[in-house]
Amino acid sequence: MPIEFDRVTYTYPCAQKPAVQELSLRIPPGRRCGLIGRNGCGKSTLLRLADGLFRPDRGKLYWQGKPLDYSRKSLRTLRQQVGLVFQDPEHQLVATTVEEDISYGLCNLGLPESEIADRVQRTLEDFDLLELANTPINHLSLGQKKRVAIADVMVLQPQLLLMDEPTAYLDPAQTRTLFSQLERIHAAGTTALIATHDLDFIYAWADWLMVMDCGRIVLEGPAEQVFDRHEELSALGLGLPLAVDLLIILEDNNVSVKTVRSQILKRLRCGGYRSFNEENSLRSV
Amino acid sequence: MPIEFDRVTYTYPCAQKPAVQELSLRIPPGRRCGLIGRNGCGKSTLLRLADGLFRPDRGKLYWQGKPLDYSRKSLRTLRQQVGLVFQDPEHQLVATTVEEDISYGLCNLGLPESEIADRVQRTLEDFDLLELANTPINHLSLGQKKRVAIADVMVLQPQLLLMDEPTAYLDPAQTRTLFSQLERIHAAGTTALIATHDLDFIYAWADWLMVMDCGRIVLEGPAEQVFDRHEELSALGLGLPLAVDLLIILEDNNVSVKTVRSQILKRLRCGGYRSFNEENSLRSV
Amino acid sequence: MKLNPRILQLVAMAALSLYLVVGVAPPAQAMHIMEGFLPVGWAVFWWIVSLPFFILGLRSLARIARENPELKLLLALAGAFSFVLSALKIPSVTGSCSHPTGTGLGAVLFGPSVMTVLGSLVLIFQAVLLAHGGLTTLGANVFSMAIVGPWVAYGVYRLFANSDKQKLAVFLAAALGGLVTYIVTSIQLALAFPAASGGFVAAFVKFAGIFALTQIPLAISEGLLTVLVWNWLQSY
Amino acid sequence: MHHQIDSLVYTNRLRHLPPEHKLSFAAVLFILGYGSAPWVQGAIALWLAVWIVGYAKIPAKIYARLLLLPLSFWLTSVPALLLGVTAASRWSAVQPDVMQGVVIGPVYLYLSVQGWQQASEVFARALTLTSCLYFILLTVPFVEILWVLRQLRCPSLMVELLALMYRFIFMLAETATDLVTAQRSRGGYLSWRVRLRSLGLVVSQLVVRTLDSYRQISLGLQSRNFTGELQVWHARRHKPSWRYSTEAVVGCLLLAIATGIYYAD
């Protein structure tokens, strides 16, 4: 059990109500965990709490069974083993060139220079950044910045990787690259937790899913089981991944491709996007 | 024919190669036009050219049949009739409160105060922003900011609405709201052009589709026809909307829902994200 | 009548100078003494004059940064902010555009010795990224823009701050800070190039006269803009 | 403009040379350029043009445009240097300094001989030294200047601040550009009054964004175990070149000899 939340409450300074409320959570080790929920439901706050950036008002965090005491030393150990990739890479990249930025975390650990050189070199290769090593950060495209941000964190070889909206700003091909990088990270034994709106991405990637609403975890379990709870997900304003939606259509009409096509389009136009809520309220009547 | 590009080339200052190259384009009036393409293919540049923000190196733009001469007067007319919503609302909203921000464009036109008050009021109602009218911009959520950004532009009653990545940063429920707003705008007779990566969104919304690659339009036509060109889209690194993908699976295996489910997952995991190109090259063998 | 061609010549020259001052030179640079403009003696002199101020400022910054390392981020952001401001073009009354230096606001917010360091770093970036100013003339530019400007702005602000006319204090700080910068630049040029007749004073009058055309309206615009931003900051 | 210089320098063909070599070469030329005869200064400017346009492959058009910058500052100052004014009654006293003169009412206005000398001296010197400056700007990336500053034991606070500022300048500049573009698309800069208002809005927004970035970036730094100092590591990938080193050393020697002869005369 790498990390555990025990009835954690956190309120931003000056905010009216808590961003995370009485939240209890265990992240299963070695899993691909997805965290979904609407904008503003507290996903980012949860990730920041898990990285020890905020201190809960009430409740406790445990890292590998030991409670986090927010001393400088324990924070240092925590952040060595937990890597957080921010939504906006601009806020994470601080050095001038790609190579320097990747080395930054290692230098903070006070490692010997030969080991820094070694690990930076290996990470540059792993993330296909060798050619960009000496490029200044500000000359990179957004997709490249995102890649550097992940490399920054992975060079520290964390046991738990937290990512906030990794697919925002990426085009389909870049998303594919990200997907294969995540597969590699998973194969190496790293536990990962991804917070996102991108239901299709999370449907394809996650094997454990948590759903947040208003600062709490409202659903949790193996991904397929969670996505089977159609009504609850719709009621939360999340809808379903398109693939799940399509399968429902298939089950409902076991007919020709042509019929399915028209059904899908109708679903996408009206159900999927426009009046999901209306439809929903009809259903529950 | 609201706007027309005639072999337009534009190179950013000091860039090695043009961002938009010998591009010819007509936007059919009254249509819902989608513009897709990979990051960096020139989509945003095209939108900025269409709004007269950049001046082409070669080639001409026509607005309602008349060539654009970039004089102050013609730019003023153009920008009154063409509205551009930027990708990041953070970079578009300039005033302190919602109301002030919506009035900004009207004040620039030098309209009489009574008309400004009138139009701002109506727009606040249309976009369901009445309650937020006096809220400072930096207290808004991202979805609200996006709504204000669209209202900012629609208050000028443009004939052509250009949008850059409208669904980025939005959660599924917010995307649904955006969709219904776009439907309303379309119903009022405004031509719209949306540039995005979100294939599922564009599949549901667009009726005319343009595909860009390396600064050129490489495919164009009614949306369904364009999405039928599977091989070409995959070769461009774009992939297909999930729904189209599913229909292909259905046509290939006319079998049980269970088989289809496992096919979709395989497709999402490997085909859809990881190794679409490999699979593709196998197919063409 | 014999003088006619000469008068014509002079009128033509005056017109030409006016054109050059108002039309050709981007006034953004008129504040910066360009690379190689000062004779070697004066270039070295201004370096020697400015260096102690810079080192003292850096020392006091280092002390603050040791206590609160994250302040470095804020300082770097403030520096980057004033660089970006200086690259924005503000409309000036004469029709030409130039830059607000933000020194006045910075001096009021951070204090003059911090502004000396930030201002010097901004000047380095202006030389390296925009080719405004230069390395040999850096000392002279630092003296006028990062030492005298902020100290005057700060002094003026403190003088008027108590008279519960904050806005006036801010306006005067920014405007006079800008104005004194331009006067010092003129002095520096006049010292380096005294006129054959009238020496330093005559040269000063000439340089000051030429730069006055663009710099006085600019100082006023900067004062107004700073007040706008100040108001806004207080409401935030 | 700053994007221009900064992106040019990363594609220049002399980038592989060690930054120390290029900087010391420029430093030697700075000293020679200050001390020597006008024709030696001319030679330096020409030689550097060969280095910049010929070897580093900076487009000639852009380099010429950059050279216009010092020229325009020079042109602005020329009237002040050239024009002399004195009381009409004293015109005979300044006669040795007069090229052309005219009496207008009580004053005597003239073109000064000394001013002309000063102006031409300054012209040659400014052109030469600006070429040296441009050689640095266009062939040594800013990051590498920072490496050299670190080696020279500049105060670490100063180097750190420079590095952070370099990163943030581009971040804020992008925000500012985007804001201005968005304003332009809503008719923001089409008249003088609207312009001033729009600009005030941009500056205010920029303050907010700056403070906001500060909060976010300090979280980002903390999550990466910020220790109070911004330490980084970089590999060295520079290769000294015999061909360029030889040309630089031989050329500088020749110029030094020429300067020596000039002073011996």
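Letters A, B, ... are given to chains in the order of the sequence lines, protein chains preceding strands, and every chain is numbered from 1.
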Option that, when pairs with chain D are counted at under 4.5 Å, heavy atom only, ranks first among A/A133, A/G110, A/P136: A/P136
For chain A, the option from D/R15, D/E144, D/Q222 that forms the most heavy-atom pairs under 4.5 Å: D/Q222
Residue part contacting chain D, namely of A/L93, when any heavy atom lies under 4.5 Å: both
More than 12 heavy atoms from other groups under 6.0 Å of CG on A/D128: no
Inter-residue atom distance A/N138.CG - D/I169.CD1, 0.5 Å rounding: 9.5 Å
Neighbour count >12 (heavy atoms, 6.0 Å) for atom CZ, D/R13: no
Distance in Å, D/F142 CZ paired with A/T96 OG1, rounded so as to fall on 0.5 Å steps: 8.5 Å
Under 4.5 Å from a heavy atom of chain A, the part of D/F168 involved: neither
Donor-acceptor pair between D/D6 and A/H139 side chains, under 3.5 angstrom: yes
Basic-acidic side-chain contact under 4.0 Å: A/E90, D/R167: yes
Atom pair CG (D/L221) and OH (A/Y104), whose distance is rounded to the nearest 0.5 Å: 4.5 Å
Heavy atoms of other groups near A/R58 CZ, more than 12 under 6.0 Å: no
From D/L219 atom CG to A/R48 atom CZ, the distance as rounded to the nearest 0.5 Å: 5.5 Å
Reported OG-to-NE2 distance for the pair D/S223 and A/H91, which is rounded to 0.5 angstrom: 12.5 Å
Test: A/D101 and D/R224 ion pair at under 4.0 Å: yes
Residue pair A/A95 / D/V232: nearest heavy atoms and the distance that separates them: CB-CG1, 3.9 Å
D/R243 CZ: over 12 foreign heavy atoms closer than 6.0 Å: yes
Least distance between heavy atoms, D/W233 atom then A/A117 atom: CZ2-CB, 3.3 Å
Whether over 12 other heavy atoms sit under 6.0 Å from A/E131 CD: no
Which atoms of A/V153 approach chain D - backbone, side chain, both or neither, heavy atom under 4.5 Å: neither
Inter-residue atom distance A/E100.CD - D/H234.NE2, 0.5 Å rounding: 5.5 Å
Among the listed options A/T97, A/L84, A/D152, A/T135, the residue most often paired with chain D at heavy-atom distances under 4.5 Å: A/D152
Interface moiety of A/N108 toward chain D, non-hydrogen atoms closer than 4.5 Å: both
